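Here is the structure we will look at, set down as structure tokens.
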Amino acid sequence: MRLATWNVNSITARLPRVLAWLEAARPDVLCLQELKCDDEAFPREAIEELGYDVASHGAGRWNGVAVLSRVGLDDVTRGFVDEPAYDDAVQPRALGATCGGVRVWSVYVPNGREPGHAHYDYKLRWLDALHSTVLAEDDPARPFAVLGDFNIAPTDDDVWDIALFADSTHVTAPERAALAVLRDAGLSDVYPRALKYDRPYTYWDYRQLAFPKNRGMRIDLVYANKAVTDAVTDSYVDREARKGKGASDHAPVVVDLTL
DNA sequence: ATGTCTCTGTTCCAGAGA
């Protein structure tokens, strides 16, 4: 089985690339983030024509997550129990589904903007709700994985120059502690191969030629339980998908399993 | 140089978010 996750930065703008990537990589399950469209506007027919079932959870111009699967798509859950709100609204940032016996969650963790900002506090509260969901749902007997844009670089090696990240989000101790709590709950960071250079970055800013200079970050993560990690045969970041005009600023992360 | 990209609404550009 091949699992994948990709922050597409608008499914509408990215549809031709997503369709081409689905045909080339043929993942069994693809978790998407930053749909930036309502569920009614989600281009599901074009994706279904490639043999995928679609579950989306989107609203308005920001956020939005989906799971595409060609191995079944059952028990779809939109959002977490007691998911925190921002500005009085619960945003579409999490969708759970059971696909071919694997319980997956597609997540788009809040950015946080800057430490001390209300959005940063929201980010940490949102990660608490993710932790609660992991505790409630993770059964060692069932393959379980959280895939998505965590907006956290787990270590200093997961950004191109840690010296430039002083006082920035994505690298602070509380954010990393939230990942440690997930590991304490039994999940592991499935560390992918880089197809070029030494570090498997998954995101490169559109600005300042960040991609050609490889000024990237590894913030799109796969956190999986032992039933999944024991079955991993390969994992890589498909940086080819970040190339050229019309690319998302994130690349897909692929995980291959013997399941 | 916050130097790009995408969306929406106040629309044929500006502001917001990332």
Side-chain angles (χ1 to χ4, degrees), chain A residues 5-21 31-44 46 56-66 84-94 106-127 130 147-154 158-172 175 178 201-221 237-253:
Chain A
T5 182
W6 193 6
N7 178 325
V8 290
N9 185 18
S10 169
I11 186 59
T12 311
R14 215 65 58 214
L15 185 62
R17 281 197 176 242
V18 170
L19 295 175
W21 193 79
C31 296
L32 299 174
Q33 299 87 36
E34 279 210 85
L35 304 179
K36 295 185 170 179
C37 79
D38 294 328
D39 289 327
E40 305 76 62
F42 189 96
R44 64 166 52 237
S56 71
H57 182 33
R61 67 190 293 191
W62 290 305
N63 314 308
V65 290
Y86 186 73
D87 279 349
D88 300 322
V90 177
Q91 301 172 338
R93 294 181 174 276
S106 176
V107 301
Y108 178 47
V109 176
N111 173 285
R113 311 223 176 125
E114 57 189 62
H117 194 286
H119 207 264
Y120 179 80
D121 179 61
Y122 166 57
K123 181 178 195 174
L124 297 178
R125 288 184 289 116
W126 198 92
L127 287 162
L130 169 59
L147 307 93
D149 179 355
F150 281 69
N151 272 316
I152 304 170
D158 293 311
V159 298
W160 81 95
D161 183 356
I162 191 62
L164 300 176
F165 281 79
D167 306 319
S168 297
T169 59
H170 296 59
V171 302
T172 67
E175 291 166 282
Y201 298 142
T202 66
Y203 162 83
W204 299 260
D205 198 293
Y206 284 124
R207 294 166 290 191
Q208 300 181 284
L209 299 174
F211 182 64
K213 293 178 179 174
N214 201 32
R215 293 178 176 176
M217 306 171 72
R218 186 174 77 95
I219 56 175
D220 300 88
L221 310 175
V237 180
D238 188 0
R239 72 187 299 282
E240 296 298 311
R242 179 63 180 78
K243 291 183 175 179
K245 192 172 172 57
S248 170
D249 44 1
H250 295 251
V253 179

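Every value quoted in this text rests on a predicted model; they were computed, and no experiment measured them. Within every chain, numbering begins at 1; the chains are lettered A, B, ... in the order of the sequence lines, protein sequences first and strands thereafter.
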Worksheet item: Within the structure, does a side-chain N or O atom of A:Arg14 lie under 4.0 Å from either OP1 or OP2 of B:dT6?
Response: yes
Do [X] and [Y] have side-chain atoms, one donor and one acceptor, less than 3.5 Å apart?
| X | Y | answer |
| --- | --- | --- |
| A:Thr5 | A:Asp220 | no |
| A:Trp6 | A:Asp238 | no |
| A:Lys36 | A:Asn9 | yes |
| A:Trp204 | A:Asn214 | yes |

Sorted by chain and residue number, the salt bridge (charged side-chain N to carboxylate O under 4.0 Å, His left out) partners of A:Glu114 (sequence neighbours excluded) come out as none
With heavy atoms under 4.0 Å as the rule, sort A:Tyr203 into base, sugar-phosphate or nothing.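 Counting heavy atoms under 4.0 Å across all strands, no contact is made by A:Tyr203.
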DNA chain B nearest-nucleotide lookup for A:Asn63 and A:Ala13: closer to the 5′ end is A:Ala13
Result for 5'-nearest mapping on DNA chain B, choosing between A:Ser10 and A:Asp149, is A:Ser10
Can you tell me the distance, in whole Å, between the [atom1] atom of [X] and the [atom2] atom of [N]?
| X | N | atom1 | atom2 | answer |
| --- | --- | --- | --- | --- |
| A:Trp204 | B:dA18 | CH2 | C1' | 16 Å |
| A:Ile152 | B:dA18 | CD1 | P | 15 Å |
| A:Lys243 | B:dC5 | NZ | P | 18 Å |
| A:Arg215 | B:dG3 | CZ | C1' | 12 Å |
| A:Leu209 | B:dC5 | CG | C1' | 14 Å |
| A:Phe211 | B:dT4 | CZ | C1' | 15 Å |
| A:Ile219 | B:dA18 | CD1 | C1' | 9 Å |
| A:Tyr108 | B:dT6 | OH | P | 14 Å |

Which value, in whole Å, describes the distance between the [atom1] atoms of nucleotides [N] and [M]?
| N | M | atom1 | answer |
| --- | --- | --- | --- |
| B:dT10 | B:dG15 | C1' | 10 Å |
| B:dC12 | B:dA1 | P | 31 Å |
| B:dT2 | B:dA16 | C1' | 13 Å |
| B:dT11 | B:dT6 | C1' | 15 Å |

Atom pairs, N/O to N/O, protein against nucleotides 10-17 of chain B, distance under 3.5 Å?
| residue | atom | partner | partner atom | Å |
| --- | --- | --- | --- | --- |
| B:dG15 | N2 | A:Arg61 | NH2 | 2.2 |

On the 0 to 90° scale, with breaks at 30° and 60°, tag the A:His250-A:Tyr203 ring pair as parallel, tilted or perpendicular. tilted
Among A:Arg218, A:Glu175, A:Met217, which residue satisfies the side-chain contact (heavy atoms from CB on, under 4.5 Å) criterion with A:Ile152?
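Option passing the side-chain contact (heavy atoms from CB on, under 4.5 Å) with A:Ile152: A:Glu175.
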